[in-house]
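This is the structure I have questions about; it appears just below.
Positions are given from 1 along the sequence.
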Amino acid sequence: MASTLHYTNLLFVTVLSSVFLLSSSLSCSNYTFNSNRTFSSCADLPYLDAHLHWNYLPSVRIAAIAYRARQAAKGWVAWGINPNATGMVGSQAIIAFRASNGSMIAYTAPITSYDPAMAPERVSFRVSGLSAEYVNEEMIIFATIGPLRNGSVVNQVWQAGDSVYENSPQPHSIAPSNLESMGEIDFLMYLS
């Protein structure tokens with residue numbers, strides 16, 4: 001009986017250690033982009049298995065970003081900045097998903113309600129170099145944004161949905177991880 005308990009405890013510790021090591025190895029700081037892009041800073045976001053990488057030029061208030069999140073090929077991801085408040089409504093988003101032909105689509109869309117159209121439209125700041133990739137079951141958005149009106153500190157939001165119908169992202173889940181996917185980030189905080 002005691003040896004069974006010992007093996008059970010040993011198995012539990014081994015599994016727990018493996019999970020810790022795996023999650024540590026998946027940190028944003030260990031990630032290498034296939035496209036040979038490099039970023040000086042990154043943050044592991046607390047929800048939706050998402051990460052934000054960036055280079056920030058404070059003199060012009062411009063950030064080159066890569067937002068990546070684990071997602072099934074039939075789903076969609078979005079990352080954005082809310083320049084006036086916290087939360088989804090009012091955010092200026094970048095949305096990406098795989099089109100019906102298998103290519104990645106990325107575009108901007110202001111989120112003006114809790115039931116947004118999610119259709120391509122201009123946002124309140126300049127976005128250039130916009131592209132997206134689907135690599136190793138992750139969707140990745142690349143963009144250069146700014147100049148940012150609020151400087152280096154912004155309210156960010158990020159999201160993921162399970163389906164796209166006729167190249168239109170469908171509503172996301174209302175699970176806690178979806179509803180809590182927001183926070184403040186300072187692009188200067190992680191500069192080395």
Side-chain angles (χ1 to χ4, degrees), residues 28-29 31-71 75-99 103-113 116-135 138-161 167 169 172 178 180-192:
C28 67
S29 62
Y31 189 81
T32 303
F33 291 92
N34 286 346
S35 54
N36 293 322
R37 299 179 201 222
T38 59
F39 297 89
S40 60
S41 304
C42 68
D44 295 314
L45 303 178
Y47 304 102
L48 303 178
D49 200 6
H51 315 272
L52 183 66
H53 303 255
W54 69 89
N55 296 319
Y56 183 67
L57 299 171
S59 61
V60 290
R61 300 184 328 270
I62 290 177
I65 63 104
Y67 169 78
R68 62 185 182 86
R70 185 151 303 284
Q71 181 58 280
W76 59 269
V77 298
W79 179 85
I81 291 174
N82 191 327
N84 300 314
T86 59
M88 181 178 84
V89 175
S91 64
Q92 308 296 295
I94 302 171
I95 299 163
F97 56 87
R98 282 180 69 174
S103 66
M104 287 297 293
I105 291 176
Y107 60 83
T108 60
I111 307 301
T112 57
S113 72
M118 302 276 282
E121 195 175 327
R122 293 184 91 167
V123 293
S124 65
F125 48 82
R126 191 174 4 181
V127 177
S128 61
L130 183 57
S131 65
E133 298 177 353
Y134 188 68
V135 179
E138 283 189 331
M139 290 189 179
I140 306 170
I141 296 170
F142 297 101
T144 300
I145 58 173
L148 299 173
R149 176 173 81 205
N150 297 358
S152 68
V153 179
V154 297
N155 296 313
Q156 67 171 335
V157 295
W158 62 98
Q159 199 50 259
N167 289 336
H172 63 76
N178 293 88
E180 295 173 17
S181 295
M182 66 183 93
E184 185 178 89
I185 192 159
D186 184 347
F187 285 131
L188 289 175
M189 185 169 65
Y190 296 97
L191 289 179
S192 45

Considering only distance and modelled atom types, tabulate donor-acceptor pairs under 3.5 Å from the side chains of residues 117-130, sequence neighbours left out.
none

If you measure from OH on Y56 to CG on L188, what distance do you get to the nearest 0.5 Å?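 Taking OH in Y56 and CG in L188, the distance rounds to 5.5 Å.
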Applying side chain to side chain contact (heavy atoms under 4.5 Å, CB included) to M88 and H172, what does each step give before you reach the verdict? CA-CA 12 Å; M88 181 178 84; H172 63 76; 4.1 Å; yes
Measure the spacing between CE of M104 and OH of Y134 and express it to the nearest 0.5 Å.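 Between M104 CE and Y134 OH, I get 8.5 Å after rounding to 0.5 Å.
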Taking the side chain as every heavy atom from C-beta outward, state whether W76 and Q159 have any atom pair closer than 4.5 Å.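 The answer is yes, as the side chains (C-beta and beyond) meet within the 4.5 Å cut-off.
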Listed by chain and number, what are the salt bridge (charged side-chain N to carboxylate O under 4.0 Å, His left out) partners of E180, not counting sequence neighbours?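 Counting only residues at least two positions away or on another chain, E180 forms no salt bridge (charged side-chain N to carboxylate O under 4.0 Å, His left out).
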Smallest separation among heavy atoms of L48 and A160, with atom names: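 That would be CD1-N, 3.9 Å.
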Working note: I185 + L52, criterion side chain to side chain contact (heavy atoms under 4.5 Å, CB included); need CA distance, chi angles, decisive distance, verdict. CA-CA 10 Å; I185 192 159; L52 183 66; 4.0 Å; yes
Just to verify, what does Y107 make a ring pair (Phe, Tyr, Trp, His ring centres under 6.0 Å) with, not counting sequence neighbours?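 Result, ring pair (Phe, Tyr, Trp, His ring centres under 6.0 Å) vs Y107: none returned.
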Restricting to non-hydrogen atoms, name the atom on A132 and the atom on A96 that form the minimum distance, rounded to 0.1 Å.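 So the two residues come closest at CB-CB, 3.8 Å.
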Assess whether side chain to side chain contact (heavy atoms under 4.5 Å, CB included) is satisfied between N82 and Q92, documenting all intermediate values. CA-CA 6 Å; N82 191 327; Q92 308 296 295; over 6 Å; no
I need the E138 CD to R68 CZ distance, nearest 0.5 Å.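 Here the rounded value is 4.5 Å.
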What heavy-atom pair brings A78 and I95 nearest, and what distance separates the two atoms?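 Heavy atoms only, the tightest pair is CB-CG1, 4.0 Å.
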Evaluate the criterion side chain to side chain contact (heavy atoms under 4.5 Å, CB included) for residue pair Y47 and M182; output intermediate values, then yes/no. CA-CA 9 Å; Y47 304 102; M182 66 183 93; over 6 Å; no
Roughly how far, to the nearest 0.5 Å, is CD1 of I62 from OG of S152?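 Output value for this atom pair is 14.0 Å.
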Is a side-chain N or O of W54 found less than 3.5 angstrom from the main chain of F187, in a donor-acceptor match?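 Checking the backbone N and O of F187 against the side chain of W54, a donor-acceptor pair under 3.5 Å is found.
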By ring pair (Phe, Tyr, Trp, His ring centres under 6.0 Å) - contacts of F39 (at least two apart):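 Per chain and number, F39 pairs via ring pair (Phe, Tyr, Trp, His ring centres under 6.0 Å) with F33.
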Side-chain donor-acceptor contacts of residues 139-151 below 3.5 Å, not counting sequence neighbours, with atom names and distances?
from	atom 1	to	atom 2	distance (Å)
R149	NH2	N84	OD1	2.6
N150	ND2	P83	O	2.9

Partners meeting side chain to side chain contact (heavy atoms under 4.5 Å, CB included) with S103 (sequence neighbours left out):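 Testing S103 for side chain to side chain contact (heavy atoms under 4.5 Å, CB included), a comparison that skips the adjacent residues, returns A99, N101.
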Is it true that W79 and Q156 share a donor-acceptor pair across their side chains at a distance under 3.5 Å?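 Distance-only check passes for Q156 and W79.
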If we ignore angles and hydrogens, is there a donor and acceptor under 3.5 Å between the side chains of N155 and T86?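 Checked: N155/T86 side chains show no N/O donor-acceptor pair below 3.5 Å.
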Could you give the distance from NE2 (H53) to OG (S41), rounded to the nearest 0.5 Å?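 The distance works out to 11.0 Å.
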